[in-house]
Amino acid sequence: MDAIKTEVYNILESAIHAAVTAGELAISEVPTIPFSPTKTPEHGDIATPIALGLAKQARMAPRNIAEIIHEHIDADTLKRIESNTHPIIHKIEIAGAGFINIHLSDNYLYDTLQTITEMQSAYGTCDKGAGKPVQIEFVSANPTGPLNIVSGRAAAVGDTLVNLLNAVGYKAIREFYVNDAGGQVQRLGESIDVRYRQALGEEALEIPEGGYQGEYIREFAETIVETESDTHLQLKTDERVALFRDKGIAHILAQQKASLERFGVNFDVWSSEKAIRESGKLEEIIQLFQEKEYLYEAEDATWFRMTDFGDDKDCVVIRRDGEYTYFVPDAAYHRDKFDRGFTTVIDFLGPDHQGHISRLKNFVKALGMPDDWLEISIIQQVNLVDAEGNRLDMSKRRGQFYTLDTLIDELAETVGEQFAVDVARYFFLMRANSSHLDFNMELAITHASENPVFYIQYAHARCCSIFEQGAEQGITPKPIEAVSLKQLTEPIEHELIRKLAEFPSIVLLSAEAREAHRIPHYLHELAGIFHPYYNQHRVLDPANIEKMHARLTLVQCVQSVLKNGLTLLGISAPTSM
RNA sequence: GCGCCUAUAGCUCAAUUGGAUAGAGCAACGGACUUCUAAUCCGUAGGUUGCAGGUUCGACUCCUGCUAGGCGUACCA
């Protein structure tokens, strides 16, 4: 496809140059010619609005420009197109406001099948990223409680984006930043301490302000009592809180890791805030800021001149009590990312971190990193919608929340563990990151076509089933060289192949725009062509051997693309359902 | 008050980043299993893209101003 596109590009580009040389087109510079796949076959296979784009510069009507470009296409090429002997172009038409529509010859379709067959699981990949190292930080939930479903969404999105970036040639890694230092984990230690002492009979104790009320804290404290009894009561309170804090972090972190693993997300790097703090990097940064005169003292605290960077207020970096605010370890952490050599860093944050974006970017700028080095985007909230359409509220602090594990447990009850993960991942991925997501629990467990996950997986299973059935009848697919692809004459077969041909550009687009949701949509569309095809046309037909083999090749390609797409999403491609 | 996000079919969302006639799925209605899996397919219907302007050959997309909702705006992370 790429080679074909390039050839078409070159033909049009030289036509434009020729028109300019002939003095018929008054433009100073030939811009890049944009191509897009067409929405309807009437518009050919690919189209370009280049004539519309040149209209202003050339001071001519777009349609005229299109005509002129067409007339200046190399004479030999034109002759071959007209006589139907051109290897790739079947027809060039001017339509609408001045679109140049290119109808490709069937060779293009065969070429697509050839490419898929050759590349197999690599179909869809490319080396656009040129091996550039990219780091994606996501989830990064505080180690103070189980992962909620927003973290689940972030996990699915981040994981998939890493897959996508790697598919298009970057070297992307998954990183989880553990906030194992600071006020939140201190509160965790205090909360566990309260539950511990309560379990040992102390009364009149309350979870401190900002502490964690969750039942899991009580359970964990009771476990400590069971295994270690009351020995910790001998410690001073702050020592005991520190001990429980560390125990709690380790315990909850292990739980979070287990949940993520269950969800099919495996991080490459786990970074620790505590380690960053102990590395001395915070002091380096403070010193750097001091040298650059970004800091000043006021009200017994140290402030950063955020207003110099366009923010509406300055912010505290060292509190009155001498503690750093979270900005400092965060800035140090990002400096550390930079030092590790990533050319691009992407942070996915939760919806409650909106205020964070501009400040973090400003700190990064203050540290001298390029503006576009850090990309931050918010993964919007998730609402679980029950049968009645009611939304369940989630709050970690109030102690009642819907965890990622609960969600998968609940789904697994009806559809089994593997599909539970598949369905959850798909639902988390099918919306743009910036969109709020309504997770329809009822739809998720439906075993029918209205459930998009099953719809796509079923298409894959059907492909597999054809080969299985074929094998029973002693039919072995032939290698593509031995297949007459000309037998694929049905319009729906061409439509299917055109859709298959789109896959690599969808992958690339989705990776570069960081929009994972395009893959689920694409796969759904592909399945949406395959199912009708399957229904209308029989593949295994021993009465028509040549056609059968051509169709088997096509089905193999559909199967590959479905599988490759699902794999990018971390969703299984079942061979039977 | 200020900042970010969102507003598209009855519902949940897309729209190749400014291109041709705005598309899917649910929900509704009618039909198809002697067939490679009916977890499927075929058909019907659904729209002033929140409102008002602007930019241009062309706007769901960009700019301005409104309206409504969500989130943020800590010496918490």
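Being a predicted model, the structure only gives us computed values, none of them experimental. Every chain is numbered from 1 and lettered A, B, ... according to where its sequence line falls, protein lines coming before strand lines.
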* Could you check whether A:H460 gets within reach of a base, just the sugar-phosphate, or nothing at all, counting any heavy atom under 4.0 Å? => nothing

* To do: Give one of base, sugar-phosphate or nothing for A:P62, where a contact means two heavy atoms less than 4.0 Å apart.
  => nothing

* Parallel, tilted or perpendicular: ring planes of A:F530 versus A:Y534, cut at 30 and 60 degrees -> tilted

* Asked: Considering only the C1' atoms, how many Å lie between B:G46 and B:C26, rounded to the nearest integer?
  -> 13 Å

* **A:H356 side chain, from C-beta outward: closest of B:C41, B:A77, B:C36** => B:A77

* Asked: Does B:G65 have a Watson-Crick or wobble partner in any strand here, with both distances under 3.5 angstrom, and which is it?
  -> B:C51

* Asked: What distance, rounded to whole Å, do you find between the two C1' atoms, one in B:C60 and one in B:G19?
  -> 13 Å

* Asked: Over how many whole Å does the gap from A:Q354 atom CD to B:U73 atom P extend?
  -> 10 Å

* To do: Please measure how far the P atom in B:A7 lies from the corresponding atom in B:U21, and state the result in whole Å.
  => 23 Å

* **Separation of the P atoms in B:G25 and B:C41, to the nearest angstrom** => 9 Å

* May I ask you to verify whether the side chain of A:Q380 and the base of B:C5 hold a donor-acceptor pair under 3.5 Å? => no

* Asked: Nearest-Å distance, CD1 (A:I378) to P (B:C71)?
  -> 13 Å

* A:E468, CD: over 12 other non-hydrogen atoms inside 6.0 angstrom -> no

* When the nearest nucleotide of RNA chain B is assigned to A:S576 and to A:R187 on a heavy-atom basis, which residue is associated with the more 5' position? -> A:S576

* **Rounded interatomic separation in angstrom, taking CG from A:D330 and C1' from B:C75** => 16 Å

* To do: With P as the reference atom in both, quote the distance from B:U49 to B:U8 in angstrom, rounded to an integer.
  => 12 Å

* Structure fact -> Rounded to whole Å, CG of A:D438 lies from P of B:U6 at a distance of 16 Å

* Asked: Relative to the ring of A:Y533, is the ring of A:H537 parallel (under 30°), tilted (30 to 60°) or perpendicular (over 60°)?
  -> tilted

* Asked: Does B:A15 have a Watson-Crick or wobble mate here (both distances under 3.5 Å), and if so which one?
  -> none

* Asked: For B:C71, what is the paired nucleotide under Watson-Crick or G-U wobble rules, both distances under 3.5 Å?
  -> B:G3

* **Separation between the P atoms of B:G65 and B:C5, rounded to whole Å** => 14 Å

* **A:Q469 side chain, from C-beta outward: closest of B:C71, B:C76, B:C36** => B:C36

* Picking from A:K39, A:R498, A:K499, what satisfies salt bridge (Lys or Arg N to Asp or Glu O under 4.0 Å) with A:E525? -> A:K499

* To do: Would you classify A:A301 as touching base, sugar-phosphate or nothing, given that sugar-phosphate means primed atoms plus P, OP1 and OP2, and contacts are heavy atoms under 4.0 Å?
  => base

* Which nucleotide in the list B:C41, B:U35, B:A77 gets nearest to the side chain of A:R538? -> B:U35

* Atom P, compared across B:C11 and B:A27: separation rounded to whole Å -> 15 Å

What are the atom names and distances for every N/O pair under 3.5 Å that joins the protein to nucleotides 14-23 of chain B?
residue	atom	partner	partner atom	Å
B:A14	OP1	A:A432	N	2.9
B:A14	OP1	A:S435	OG	2.9
B:A15	OP1	A:H517	NE2	3.1
B:A15	OP1	A:R518	NH2	3.3
B:U17	O4	A:E515	OE1	2.3
B:U17	O4	A:E515	OE2	2.9
B:U17	O4	A:R518	NH2	3.3
B:A20	OP2	A:K39	NZ	2.5
B:A20	N6	A:N101	OD1	2.5
B:A20	N1	A:N101	OD1	3.0
B:A20	N1	A:N101	ND2	2.9

* Asked: For A:E209, does the CD atom sit with more than 12 other heavy atoms under 6.0 Å from it, leaving out its own atoms?
  -> no

* Structure fact -> Residues of residues 316-328 of chain A with a heavy atom under 4.0 Å from any atom of RNA chain B, listed by number, are A:V316, A:R319, A:R320, A:Y326

* Structure fact -> When both distances are under 3.5 Å in a Watson-Crick or G-U wobble arrangement, the nucleotide paired with B:G58 is none

* Where does the angle between the aromatic ring planes of A:H524 and A:Y455 fall among parallel (under 30°), tilted (30 to 60°) and perpendicular (over 60°)? -> tilted

* Assess the pair A:F439 and A:F428: is the distance between their ring centroids shorter than 6.0 Å? => yes

* Asked: Between A:F327 and A:F304, does the ring centroid distance fall short of 6.0 Å?
  -> no

* To do: Ignoring hydrogens and angles, tell me if any N or O in the side chain of A:T307 forms a donor-acceptor pair with the backbone of A:D312 under 3.5 Å.
  => no

* Structure fact -> On RNA chain B, more 5' by nearest nucleotide between A:E299 and A:I466 is A:I466

* With rounding to whole Å, what would you report as the distance between B:C51 and B:A28 at their C1' atoms? -> 31 Å

* Where the side chain of A:N101 meets the backbone of A:A47, is there a donor-acceptor pair that is under 3.5 Å apart? -> no

* Structure fact -> Regarding B:U55, purine or pyrimidine glycosidic angle vs 90° from 0 gives anti

* To do: Please step through side chain to side chain contact (heavy atoms under 4.5 Å, CB included) for the pair A:D422 and A:L569, ending with a clear verdict.
  => CA-CA 9 Å; A:D422 289 342; A:L569 305 179; over 6 Å; no

* Starting at CG of A:N535 and ending at P of B:U35, how long is that distance when rounded to a whole Å? -> 13 Å

* Under 3.5 Å: donor-acceptor pair, side chain of A:R153, backbone of A:Q380 -> yes

* Could you tell me the separation between the CZ atom of A:F439 and the P atom of B:C13, rounded to a whole number of Å? => 13 Å

* Round to a whole Å and report the spacing from CZ of A:R359 to C1' of B:U73. => 7 Å

* So, is A:K313 near the phosphate of B:G3, with a side-chain N or O under 4.0 Å from OP1 or OP2? -> no

* Asked: In whole angstrom, what separates A:F530's CZ from B:A39's C1'?
  -> 14 Å

* From B:G72, B:C36, B:C42, pick the nucleotide closest to the side chain of A:Y534? -> B:C36

